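Some notes on the structure that comes next.
Every value quoted in this text rests on a predicted model; they were computed, and no experiment measured them.
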Amino acid sequence: GAITVFADISALKDTEAAASELHRRFDRQRVRLLVLSRAGRALAEPVDMRTRESALARVLVPDLGDFCVLDVLHEGRLERVALTHADPARLHEAARLEEDHPGPFAHAAGRALRTGQTYFQPELPDAAHEANSQDMECQALAHALGLRSMLSAPLACHGRVLGTLTLASESPRVLQPEDAELAEELAQRLALSLEQARLLEEAELARKQLARMARSTPTALAVAQSGE
């Protein structure tokens, strides 16, 4: 009777919920593999490091976030090397809002750089709830951009933080813990690429110095011998 019908409906709802969760997991895994594949190709391109960084930032939107920002540590300061969004108008707006004051991207990157840990805010707080004026201003800019979630993963390699990878989502999208885990994996790959580029640059510099020394040594010997 009625009890049997209720049980059948309840079982159907449970089945639908399980199917929906399975579909969500499948879709996230598909996006993860797609992002990793595109990122791998971007980092393998035979171009200079700055071009690779920009290419990586471009392939992460909009699948992993609506905004992607890359900052690299240079002479003790974070240097912005990429800021991307699928919509050029939104990109221009974000750059304009951060012209005069450090905005939400710089704030998140700074936190990740100082702690060496991923900064993750699934729900950005309202500006009125912040304790100091700098945080209030930063959150006001975030809300002006329509940001809802933000994370920043450090580019860490051999115990050193080389920069940060920052992602942000616009309402109603909410970044999930799985997004933070994927961002950390990508940040590690980029950090290794940066370290390899640095080592290659140092090796090339050493090779050029040795070549100059080799060219100058015969001349120096000849001058010394002629003066004897």
Can you tell me how the ring of Y119 sits relative to the ring of H107, calling it parallel under 30°, perpendicular over 60° and tilted otherwise?
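Perpendicular.
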Cationic N near anionic O, under 4.0 Å, [X] to [Y]:
| X | Y | value |
| --- | --- | --- |
| E178 | R32 | no |
| E79 | R50 | yes |
| E93 | R90 | yes |
| R189 | E185 | yes |

Interatomic spacing from [atom1] in [X] to [atom2] in [Y] - rounded to 0.5 Å:
| X | Y | atom1 | atom2 | result |
| --- | --- | --- | --- | --- |
| L43 | S193 | CG | OG | 5.0 Å |
| L91 | L83 | CG | CG | 4.5 Å |
| E53 | L190 | CD | CG | 6.0 Å |
| D71 | R80 | CG | CZ | 4.5 Å |
| L73 | R77 | CG | CZ | 10.5 Å |

Go through it in stages, so that I can follow the logic: the residues are L64 and V31, the test is side-chain contact (heavy atoms from CB on, under 4.5 Å), and I'd like the CA-CA distance, side-chain angles, deciding distance and then a yes or no.
CA-CA 8 Å; L64 193 55; V31 170; 5.7 Å; no
Decide whether [X] and [Y] are clustered together by the hydrophobic rule: side chain heavy atoms of Ile, Leu, Val, Met, Phe, Trp, Tyr closer than 4.5 Å, transitively.
| X | Y | answer |
| --- | --- | --- |
| F120 | F105 | no |
| L78 | L70 | no |
| V81 | L60 | yes |
| L192 | L165 | no |
| L194 | L200 | no |

Are any non-hydrogen side-chain atoms of [X] and [Y] less than 4.5 angstrom apart?
| X | Y | value |
| --- | --- | --- |
| T118 | E181 | no |
| L124 | R148 | no |
| L36 | L182 | yes |
| V72 | T164 | no |
| E202 | L205 | no |
| L113 | V161 | yes |
| Q139 | Q121 | no |
| M150 | F67 | no |

Who are the side chain to side chain donor-acceptor pair (under 3.5 Å) partners of T166, not counting sequence neighbours?
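Listed in chain order: S152.
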For the pair [X] (side chain) and [Y] (backbone), establish whether a donor and an acceptor sit closer than 3.5 Å, ignoring hydrogens and angles.
| X | Y | result |
| --- | --- | --- |
| D179 | Q176 | yes |
| R58 | T84 | no |
| H85 | A94 | no |
| T115 | R111 | yes |
| S149 | L175 | yes |
| E170 | L147 | no |

Check against side-chain contact (heavy atoms from CB on, under 4.5 Å), E123 and V174
CA-CA 7 Å; E123 293 280 355; V174 178; 3.8 Å; yes
Walk me through it: do V59 and L56 pass the test side-chain contact (heavy atoms from CB on, under 4.5 Å)?
CA-CA 5 Å; V59 302; L56 176 63; 4.2 Å; yes
Determine the minimum heavy-atom distance between [X] and [Y], stating which atoms define it.
| X | Y | value |
| --- | --- | --- |
| R173 | S169 | O-OG, 2.9 Å |
| A191 | C157 | CB-CB, 4.0 Å |
| V61 | A86 | CG2-N, 4.3 Å |
| P154 | G116 | CG-O, 3.4 Å |

Tell me whether the count of non-hydrogen atoms from other residues, nucleotides or ligands lying under 6.0 Å of CD in Q188 goes above 12.
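Open: at most 12 neighbouring heavy atoms sit under 6.0 Å from CD of Q188.
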Step by step, would you call R198 with M49 a side-chain contact (heavy atoms from CB on, under 4.5 Å)?
CA-CA 10 Å; R198 183 187 67 81; M49 200 61 222; over 6 Å; no
Have R41 and S37 got a donor and an acceptor in their side chains that come within less than 3.5 Å?
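Yes, because at least one side-chain N or O of R41 sits under 3.5 Å from a partner of the opposite role on S37.
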